[in-house]
Amino acid sequence: MSFLSPTVAAISFTIIFLHQLATHSSANITANSTSRPRPQRQISVDYYSKTCPQVDQLVASVTSQQFKEVPISGPATIRLFFHDCFVEGCDGSILISTKQGSKELAERDADDNKELAVEAFDSINKAKMLVESKCPGVVSCADILAIAARDFIHWAGGPYYQVKKGRWDGKISMATRVNPNLPRTNSTIDDLIQLFKSKGLSFKDLVTLSGAHTIGFAHCKNFLTRLYNYKNTMKPDPLIDPRLLKALTMSCPRFGGNTDIVAPCDVTTPFLFDNAYYGNLESQLGVLASDQALFLDPRTKPLVQALAKDKEKFFQDFAVAMDKMGSIGVKRGRRHGEKRIDCSMHEHL
C-alpha cells in the first residue's frame, strides 16, 4: 500500500480537471446514530499541564514530519478522528486491532473503515511512541488522535485551535457498531441531520464539518452511480458540471476500474485547507452526492453560501465545530476507560 498512489491519482485527476476548466471558459468557478450521545465529561486545554506539558509539541514534531514525507497522512488522520468520534465517542476505539482468532471484529476492520489509510494509524502510533518516551502512561491515544487531527488541519493551511484533553481510551471496539453511526456518501440531508443530531451536533455543524473535505479524497465506488446510473436512470446526475463529469469518468470507468483510484473532494485546491470546497458546491462541482446535496437543500444552502464567501468565518466555525465534535462520548476514569500504551491493543489488566 504505497502512500504515493492516492496522492498521484489526485494530482492526475486535478490536472485533467483543471485542463477541462481551461478549455471551457464559459464557466464561472468560485475558487475562493442510532445511539444517543453520552453526557459530556469535563475535558480541558491544560489537562496535562503538570503531567505532560509538552504533549502538543511532541505530537506536532511527528505530524509535521509526516505531513512533509507522507502527505496523505493529513486527510487520512482527520477522517480517522471523525470515524472515531461518531462510533462510541472520541475514545480511540478505532485504533484497536482485531485479536487474532477473534470472531468479533474491531471497529477498524468494519467495511466502512476498510478505506482508512494505514498512514493515519502510523502517524498516531509514532506520536504515541514519542509521547510515551517522555510521559509514560499519561496521555491517552484518544487525546493524541484529537491533537494530531488539529495539527494536520493546520499544516494544510487551516486554523490552529486549542484542543481540549482528558479523554480516556474506550474499552469497547466492535465492527458491528460502525455502520449505523457513520454518514453514507448517498445519505439524504434528512439522514445526515438526524445522524448529527443524535451526536449532539446541529445542521450548522454538519455543513461546517463537511468542509474537512477540502483536503479529503473519495474512492470511485463512492460516486460511481452519479456518473453512470443516477437514481436508476442509466444516465449521469444532470446537476453535475459537464467538465467534472468528463474528468471523473476518465479516472473512474463504469466497469473494471482500479479500486485504489481516488478523486479529491475539492477539485480546485485539493491539497489546501481552505473554503474553496463550498464555492465548488455553488458551481455544481461537488464530487460526492452527499456534499452537493448541502447546496441543494434550502436548510443548508445559506450556510454553504456564507462559508464560500468568507474563509475566516469558515475557519472560526470549523474550530468551534471540531471542539464540539471532539467532546462526543468522552470517557473519564478507569470505570469507563483505560490508558493504552499500545494504541492498537486493549490495556492488559
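Just so you know, these numbers come straight off a predicted model, no measurement behind them.
Hydrophobic clustering (side-chain heavy atoms under 4.5 Å, transitive across Ile, Leu, Val, Met, Phe, Trp, Tyr) keeps V178 apart from I96. Residues V320 and Y278 are members of separate hydrophobic clusters, defined by side-chain heavy-atom contacts under 4.5 angstrom among Ile, Leu, Val, Met, Phe, Trp and Tyr. Linking ILVMFWY residues whenever their side-chain heavy atoms come closer than 4.5 Å, directly or via other members, leaves L105 and F121 in distinct clusters.
With hydrogens and angles ignored, the 3.5 Å screen pairs a side-chain donor or acceptor of S61 with a backbone N or O of L58. When atom types are taken as modelled, the side chain of R332 and the backbone of G166 share a donor-acceptor pair closer than 3.5 angstrom. Side-chain N or O atoms of K99 include none that pairs as donor or acceptor with a backbone N or O of E104 at under 3.5 Å. In this structure, the side chain of N113 engages the main chain of E107 through a donor-acceptor pair within 3.5 Å. Put simply, the side chain of T233 gets close to the backbone of K235: a donor and an acceptor are under 3.5 Å apart. At distances below 3.5 Å, at least one donor-acceptor pair connects side-chain atoms of R150 with backbone N or O atoms of Y161. Of the possible donor and acceptor atoms, none in the side chain of K164 sits under 3.5 Å from a partner among the backbone N and O of Q162. At least one donor-acceptor pair under 3.5 Å links the side chain of D169 to the backbone N or O of R340. Of the possible donor and acceptor atoms, one in the side chain of S140 sits under 3.5 Å from a partner among the backbone N and O of R167. Distance alone, capped at 3.5 Å, is enough to place a donor-acceptor pair between the T98 side chain and the A106 backbone.
In this structure, D190 pairs ionically with R299, as a charged nitrogen and a carboxylate oxygen lie closer than 4.0 Å. Salt bridge present: K324 and D205 bring a charged side-chain N and a carboxylate O closer than 4.0 Å.
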Could you give me the CA-CA distance, side-chain angles and deciding distance for F196 and F86, then say whether side chain to side chain contact (heavy atoms under 4.5 Å, CB included) is met? CA-CA 9 Å; F196 274 63; F86 268 65; 3.8 Å; yes
Between M322 and F82, is a side chain to side chain contact (heavy atoms under 4.5 Å, CB included) present by the stated rule, with each step listed? CA-CA 9 Å; M322 286 293 283; F82 275 61; 3.9 Å; yes
Chi angles and distances behind the side chain to side chain contact (heavy atoms under 4.5 Å, CB included) call for L281, L294: CA-CA 8 Å; L281 299 185; L294 295 173; 4.3 Å; yes
Would Q66 and S123 satisfy side chain to side chain donor-acceptor pair (under 3.5 Å), going step by step from the backbone distance to the final call? CA-CA 7 Å; Q66 286 287 108; S123 297; 2.9 Å; yes
Give the intermediate values and the outcome of side chain to side chain contact (heavy atoms under 4.5 Å, CB included) for residues I341 and E347. CA-CA 7 Å; I341 304 301; E347 181 184 38; over 6 Å; no
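Between M325 and F81, some side-chain heavy-atom pair lies under the 4.5 Å cut-off. By the 4.5 Å heavy-atom criterion applied to side chains, I172 and R177 are counted as neighbours. At least one side-chain heavy atom of K221 sits under 4.5 Å from a side-chain heavy atom of E115. Inter-residue side-chain proximity for D310 and N275 is flagged as unmet; no heavy-atom pair is nearer than 4.5 Å. Residues V87 and I94 fail the side-chain proximity criterion, which asks for heavy atoms closer than 4.5 Å. Annotation: side chain of W155 is in contact with side chain of T63 (closest heavy-atom distance under 4.5 Å). Within the 4.5 Å cutoff, the side chain of D237 has no heavy atoms near those of the Q292 side chain. In this structure, the side chains of D84 and D91 come closer than 4.5 Å at one or more pairs of heavy atoms.
Taking NZ from K165 and CG from D56, the interatomic distance works out to 4.0 Å, rounded to the nearest 0.5 Å. The line from CG of L145 to CD1 of I124 is 4.5 Å long, rounded to the nearest 0.5 Å. Residue T185 holds its OG1 atom at 6.0 Å from CG of L288, rounded to the nearest 0.5 Å. Taking NZ from K231 and CZ from R226, the interatomic distance works out to 10.5 Å, rounded to the nearest 0.5 Å. Distance check: L303 CG to Q305 CD gives 9.5 Å after rounding to the nearest 0.5 Å. For the atom pair CG (L201) and NZ (K199), the distance works out to 9.0 Å, reported to the nearest 0.5 Å.
When all heavy atoms are compared, the tightest approach of A306 to K313 is CB-CE, 4.2 Å. Across C52 and V138, no two heavy atoms sit closer than the pair CB-CG1, 4.2 Å. Looking at every heavy atom in both residues, C85 comes nearest to I328 through O-CG2, 3.6 Å.
Between the side chains of T269 and D274, at least one donor-acceptor pair of N or O atoms lies under 3.5 Å. D143 and Y47 form no side-chain donor-acceptor contact under 3.5 Å, judged by distance and modelled atom types alone. Checked by atom type, the side-chain pair N280/D266 shows a donor-acceptor distance below 3.5 Å.
More than 12 heavy-atom neighbours from other residues, nucleotides or ligands sit within 6.0 angstrom of NZ on K339.
L296 belongs to a hydrophobic cluster with L239, counting contacts under 4.5 Å between side-chain heavy atoms of Ile, Leu, Val, Met, Phe, Trp and Tyr, direct or through other members.
Y230 has its ring centre no less than 6.0 Å from the ring centre of F223.
By the 30° and 60° cut-offs, the orientation of the rings of F67 relative to F152 is tilted.
Among residue pairs with one or both ends in residues 265-344, those qualifying as disulfide bond (SG atoms under 2.5 Å apart) are C141-C343; sequence neighbours excluded.
Take F318 and apply the ring pair (Phe, Tyr, Trp, His ring centres under 6.0 Å) test, not counting sequence neighbours, and it matches F273, F314.
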